[in-house]
Amino acid sequence: MTGANTPYLLRAARGEKLDRPPVWMMRQAGRYMKAYRDLREKYPSFRERSEIPEVAIEISLQPWRAFKPDGVILFSDIVTPLPGIGIEMDIAEGKGPIIANPIRTQAQVDALYPIEPDESTPFIRPILKALREEVKSDATVLGFVGAPWTLAAYAVEGKGSKTYSVIKNMAFSDPAVLHALLVKIADTITDYACHQIECGAQLIQMFDSWAGQLSPQDYEVFALPYQKRVFEKIKAKHPETPLILLVSGSAGLLERMGESGADLISVDWTVDMADARRRLGPEMGVQGNLDPGVLFGSKEFIRDRIIDTIKKAGPRGHILNLGHGILPTTPEENAAYFFETAKQADSLLAAV
């Protein structure tokens, strides 16, 4: 897909110079939208909402129909592929993923098996196919995966954590078991990401949500090598598919993230975008990086922050986004204003 038929966001991700940055929001399909909350009443289980194709398609398209973002992302969760390798899980409303039998031993790691995506996640193909058919070339369809470290953290801790003490205990006292688990998860994620691409995803974002809890030296041992492993293997099969890396709390890790093999780095709001550009270098694309809290401000404040971010990011290789997901109580009209303003960025920039 080239030229005029190439979606705007995909053009930016491939490094084209554009009049304005493309725009989408992480967690743009979700709790801040009344349409989503209404559907949640009918389907109270997250797994129902994400694994029944017609429901997941509807949720994925809710922000598209409301705001026409440049990117439409698959409605799913990073732990979705884990049952396909033998790690059973559920997703508790308001609590996140719960792993019934956390991985703590080499025997448990050895018992994991390769994923067969069409068998264990049969809903992915019809969802992505329908999204591509709906948005055509008017938006880019994004898939996503969790990174090996973050998925290993869920698998070992058994749930979300504030201290990460269980997986850090394994990392620092029994690292061979953890490395074996990280290899298996990395290869699972590779196969799952490639499957999403083959089903219609045009760009893949990797969420290493918990890697920001690692010290830089531990990031280089337990996160970065496995990010690289996944990205290298995806690129070997699908060299034209852009890859984005997100790490929450990444201010101290940006340069190391740039070594991952990603085409774009998603920058959170704790880093000034001009600093991120300087630290990552001119060839690396960036995504972000408004504080989600900005969307609780006045329209003038939202507009000014959008202009500031776009000016600092420059006209090439920037996807406008929040530094993380939109917050559940964000006013819908402010989300709408965010998208409207972003799409007028060329005229706004000319006026300042």
Side-chain angles (χ1 to χ4, degrees), residues 1-2 5-14 22-30 49-64 69-82 84 115-148 151 186-208 227 230-246 260-266 285 287 319 321 325:
M1 190 180 288
T2 58
N5 292 324
T6 304
Y8 201 71
L9 189 149
L10 203 55
R11 291 170 60 193
R14 291 174 176 169
V23 59
W24 69 285
M25 285 195 296
M26 285 176 275
R27 293 183 181 160
Q28 65 186 19
R49 296 195 294 275
S50 61
E51 296 180 14
I52 298 173
E54 58 268 28
V55 180
I57 292 163
E58 172 63 24
I59 293 171
S60 301
L61 290 173
Q62 284 173 347
W64 164 249
D70 294 301
V72 172
I73 191 165
L74 167 74
F75 181 76
S76 187
D77 194 273
I78 61 173
V79 298
T80 292
L82 291 184
I115 193 169
E116 296 290 345
D118 263 329
E119 294 180 13
S120 60
T121 56
F123 41 86
I124 293 296
R125 188 176 296 277
I127 295 169
L128 287 169
K129 182 175 183 289
L131 296 183
R132 285 292 299 273
E133 289 174 352
E134 175 77 17
V135 305
K136 300 181 172 58
S137 61
D138 294 328
T140 297
V141 172
L142 297 93
F144 71 93
V145 294
L151 291 183
D187 291 344
T188 296
I189 291 313
T190 300
D191 291 343
Y192 184 55
C194 289
H195 178 69
Q196 290 185 26
I197 295 166
E198 289 149 16
C199 291
Q202 296 164 287
L203 182 154
I204 297 290
Q205 177 159 309
M206 178 189 282
F207 289 85
D208 213 345
Q227 294 166 358
V230 174
F231 286 152
E232 286 172 1
K233 290 190 171 190
I234 296 173
K235 286 291 188 184
K237 288 189 73 174
H238 300 285
E240 297 303 312
T241 302
L243 304 171
I244 303 176
L245 174 63
L246 176 144
S260 66
D263 299 292
L264 299 101
I265 299 300
S266 197
Q287 177 176 264
I319 297 171
N321 206 320

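The basis for the numbers below is simple: all heavy atoms, side chains too, and nothing from hydrogens, waters or symmetry mates.
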Do [X] and [Y] have side-chain heavy atoms sitting under 4.5 Å apart?
X      : Y      : result
Leu74  : Ile124 : yes
Asp187 : Lys233 : yes
Met25  : Pro63  : no

Working to the nearest 0.5 Å, report the span between [atom1] of [X] and [atom2] of [Y].
X      : Y      : atom1 : atom2 : answer
Ile127 : Ile52  : CD1   : CD1   : 10.0 Å
Thr121 : Tyr192 : OG1   : OH    : 5.0 Å
Ile319 : Leu264 : CD1   : CG    : 5.0 Å
Asp138 : Tyr8   : CG    : OH    : 13.5 Å
Ile244 : Ser260 : CD1   : OG    : 11.5 Å
Cys199 : Asp118 : SG    : CG    : 6.0 Å

So, for [X] and [Y], which heavy atoms are closest and what is the spacing to 0.1 Å?
X      : Y      : value
Ser60  : Leu131 : CB-CD2, 3.7 Å
Pro7   : Thr140 : CB-OG1, 3.1 Å
Pro122 : Pro126 : O-CD, 3.1 Å
Arg14  : Glu240 : NH2-O, 3.3 Å
Asp208 : Ala147 : CG-CB, 3.1 Å
Leu142 : Ala201 : C-CB, 4.4 Å

Main-chain N/O of [Y] paired with [X] side-chain donor or acceptor, under 3.5 Å:
X      : Y      : result
Gln196 : Phe144 : yes
Gln202 : Arg132 : no
Asn321 : Met26  : yes

Take Ile234 and Ile197 through the test side-chain contact (heavy atoms from CB on, under 4.5 Å) and record every step on the way to the result.
-> CA-CA 9 Å; Ile234 296 173; Ile197 295 166; 3.9 Å; yes
Can you list the steps and then say if Val145 with Thr190 is a side-chain contact (heavy atoms from CB on, under 4.5 Å)?
-> CA-CA 9 Å; Val145 294; Thr190 300; over 6 Å; no
So, Arg11 and Asp70, do they make that salt bridge, N to O below 4.0 Å?
-> no
For the side chain to side chain contact (heavy atoms under 4.5 Å, CB included) test, which of Lys235, Met206, His238 pairs with Leu243?
-> Lys235
